[in-house]
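Step one of this worksheet: look at the structure below.
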Amino acid sequence: MDPRPRMPDPVRDAAVRAVLFVAVTLVQLVVLVLSALAGSWLAVPMVFSTLLSVILSTWGVLDIWITRQMWRQRHGVVSLPNSVARRRALGREG
């Protein structure tokens with residue numbers, strides 16, 4: 001078995017979206033470079049499309065991080081054994 005636990009569904013969904021955005025951006029970048037080297041008219045619209053895809057890919061990667069942090073906060077993942085969250089979970093509010 002895999003020693004790492006499975007990612008939560010919302011985090012995994014965000015990761016899949018981000019991978020798709022990054023893959024499309026890389027394909028667009030290759031098309032942009034090749035069309036620019038060939039002197040094609042396609043280079044100009046690809047510049048704008050690639051810039052938009054870079055912004056979308058950045059959002060997608062940030063979405064993974066934000067979704068992961070939100071999931072941790074909502075589901076009480078505790079990193080320190082003496083944290084306030086653990087005391088609340090055990091019902092020993094101090």
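Atoms considered below: every heavy atom in the structure, side chains included; atoms not considered: hydrogens, waters and symmetry mates. If you read the sequence from its start, that first residue is 1, and numbering goes on from there.
Pairs passing the salt bridge (Lys or Arg N to Asp or Glu O under 4.0 Å) check and including a residue from residues 31-40, sequence neighbours excluded, do not occur. Residues in residues 16-34 take part in these salt bridge (Lys or Arg N to Asp or Glu O under 4.0 Å) pairs, two or more places apart or across chains: R17-D63. Residue pairs satisfying the salt bridge (Lys or Arg N to Asp or Glu O under 4.0 Å) criterion with at least one member in residues 46-62, sequence neighbours excluded, are absent.
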For residues 31-43, which side-chain N or O atoms pair as donor and acceptor with protein atoms under 3.5 Å away, sequence neighbours left out?
{"unit_1": "S35", "atom_1": "OG", "unit_2": "V31", "atom_2": "O", "d": "2.8"}
{"unit_1": "S35", "atom_1": "OG", "unit_2": "L32", "atom_2": "O", "d": "3.1"}
{"unit_1": "S40", "atom_1": "OG", "unit_2": "L42", "atom_2": "N", "d": "3.2"}

Please output the side-chain donor-acceptor pairs of residues 18-29 that fall under 3.5 Å, not counting sequence neighbours, one pair per line with the distance.
{"unit_1": "T25", "atom_1": "OG1", "unit_2": "F21", "atom_2": "O", "d": "2.8"}
{"unit_1": "T25", "atom_1": "OG1", "unit_2": "S53", "atom_2": "O", "d": "3.2"}
{"unit_1": "T25", "atom_1": "OG1", "unit_2": "S57", "atom_2": "OG", "d": "2.7"}
{"unit_1": "Q28", "atom_1": "OE1", "unit_2": "S53", "atom_2": "OG", "d": "2.4"}
{"unit_1": "Q28", "atom_1": "NE2", "unit_2": "S49", "atom_2": "OG", "d": "2.7"}

Pairs of donor and acceptor atoms involving the side chains of residues 6-14, under 3.5 Å and at least two apart or interchain, shall be tabulated with distances.
{"unit_1": "D9", "atom_1": "OD1", "unit_2": "R12", "atom_2": "NH2", "d": "2.2"}
{"unit_1": "R12", "atom_1": "NH1", "unit_2": "M7", "atom_2": "O", "d": "2.7"}

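In the hydrophobic clustering of ILVMFWY residues, with side-chain heavy atoms under 4.5 Å counting as a link, I55 and V61 come out apart.
Expressed to the nearest 0.5 Å, how far CD of Q73 lies from CZ of R68 amounts to 13.0 Å.
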